[in-house]
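What you see is a predicted model; the values in this text were computed from it and never measured. Atoms within each ligand, like the ligands themselves, are counted from 1 in listed order.
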Amino acid sequence: MSSSKASPWRCRPLGAEDAPRCAALHRVSFSNSWSINEFEGLLASAPVIADGAEGARNVSGFVLSRRASDEAEILTIAVHPALRGQGMAGTMLGYHMSRLARAGVGDLFLEVDESNAPALALYRRYGFIKVGQRTGYYARADGQRATALVLRCTV
Ligand SMILES: CC(C)(COP(=O)(O)OP(=O)(O)OC[C@H]1O[C@@H](n2cnc3c(N)ncnc32)[C@H](O)[C@@H]1OP(=O)(O)O)[C@@H](O)C(=O)NCCC(=O)NCCS
């Protein structure tokens, strides 16, 4: 998605050396944290395409997708809580989708909690549409179950 204003965020591909930073960002973004080892494995895995965004200093947002043939699925995306609402995820997702397109990906899928308003706004902006629903898919901290929406967009 293009913008007339230059983005303050710099995007770049992530590698296994970024695993500690990704694990730290994941821990402050989700209730089920992924370990440094898990990130190292993912970031070193050939089918995984991973990008990060950095502001003045280190990586403050990441997005990881796993590719299978001409499709891919977003495994996780997050921005540091202190930097949310400033367009970082939008910039990062645009960069990521361009890389996926160059790698030959045609369709991109993801799952999102139906109550996650910021994520839904982000995905809507990039043209994702609902293609499925998994009732009670997520376990919430309060013991309730939440519905996952399955979204797809053409990259
Ligand atoms: C989802 C997330 C990655 C968005 O990151 P971000 O950098 O704040 O996103 P952006 O600033 O680019 O904004 C994306 C959209 O969300 C909207 N938004 C931001 N905060 C919002 C809020 N609290 N409520 C509703 N919409 C909101 C923005 O207006 C923007 O919409 P627009 O493109 O129509 O203007 C971030 O909130 C996050 O890390 N959340 C925790 C992890 C998570 O839930 N990941 C998604 C799992 S599917």
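Salt bridge annotation for D51-R12: absent, with no cationic side-chain nitrogen under 4.0 angstrom from a carboxylate oxygen. By the 4.0 Å N-to-carboxylate-O rule, R66 lies too far from E73 to be salt-bridged with it.
Using modelled atom types, one finds a donor on one side chain and an acceptor on the other under 3.5 Å when comparing S29 with R84. Between the side chains of R99 and S65, no donor-acceptor pair of N or O atoms lies under 3.5 Å.
Atom CZ of R27 has 12 or fewer neighbouring heavy atoms from other residues, nucleotides or ligands inside a 6.0 Å radius.
Pairing each heavy atom of R140 with each of S115, the nearest pair is NH2-OG, 3.0 Å. Shown here for C153 and M97, the closest heavy-atom pair between the two residues is SG-CE, 3.4 Å. Of all the heavy atoms in L25 and S60, the pair that sits closest is CD1-C, 3.6 Å. Taking all atoms of both residues into account, the shortest heavy-atom contact from I49 to A103 is CD1-CB, 4.0 Å.
Taking the six-membered ring for Trp and the full ring otherwise, the centers of F62 and F39 sit less than 6.0 Å from each other.
For R84, heavy-atom contacts with ligand 1 shorter than 4.0 Å involve the backbone as well as the side chain. Contact annotation for Y126 and ligand 1: no heavy atom of the residue comes within less than 4.0 Å of the ligand.
For ligand 1, the polar-atom distance check finds no N/O of A119 at less than 3.5 Å from any of the ligand's N/O atoms. Distances between N or O atoms of N116 and those of ligand 1 include at least one value under 3.5 Å. Distances between N or O atoms of A89 and those of ligand 1 include at least one value under 3.5 Å. Looking at ligand 1, you'll find an N or O of R125 within less than 3.5 Å of one of its N or O atoms.
When the heavy atoms of S60, G87, P118 are ranked by distance to atom 16 (O) of ligand 1, first place goes to P118.
In this structure, atom 7 (O) of ligand 1 has protein heavy atoms in its sub-4.0 angstrom surroundings. For atom 23 (N) of ligand 1, a protein heavy-atom neighbour is present inside the 4.0 Å cut-off. Closer than 4.0 Å to atom 28 (C) of ligand 1 lies none of the heavy atoms of the protein.
Those atoms of ligand 1 with a heavy atom of A78 less than 4.0 angstrom away are 39 (O). Close contacts between ligand 1 and Q86 involve ligand atoms 11 (O) [criterion: under 4.0 Å to a heavy atom]. The contact set between ligand 1 and Y123, taken as ligand atoms under 4.0 Å from a residue heavy atom, comprises 46 (C), 48 (S). Using a 4.0 Å cut-off to heavy atoms of I77, the atoms of ligand 1 that qualify are 42 (C), 43 (C), 45 (N), 46 (C). With ligand atoms numbered from 1 in the order given, ligand 1 contributes 12 (O) to contacts under 4.0 Å with heavy atoms of G90. Within ligand 1, the atoms closer than 4.0 Å to a non-hydrogen atom of A121 are 15 (C), 16 (O), 17 (C), 31 (O), numbered from 1 in the order shown. Shown in contact with F30 at under 4.0 Å from a heavy atom are these atoms of ligand 1, numbered in order with element: 42 (C), 43 (C), 45 (N). Under a 4.0 Å criterion applied to the non-hydrogen atoms of V112, ligand 1 contributes the atoms 48 (S).
From T91, atom OG1 reaches atom CZ of R10 across 12.5 Å, with rounding to the nearest 0.5 Å. The structure places NZ of K130 at 5.5 Å from CG of L149, a figure rounded to the nearest 0.5 Å.
Here the heavy atom of the protein found nearest to atom 39 (O) of ligand 1 is V79 N, 2.9 Å.
Using 4.0 Å as the threshold, E111 has a heavy atom nearer than that to some atom of ligand 1.
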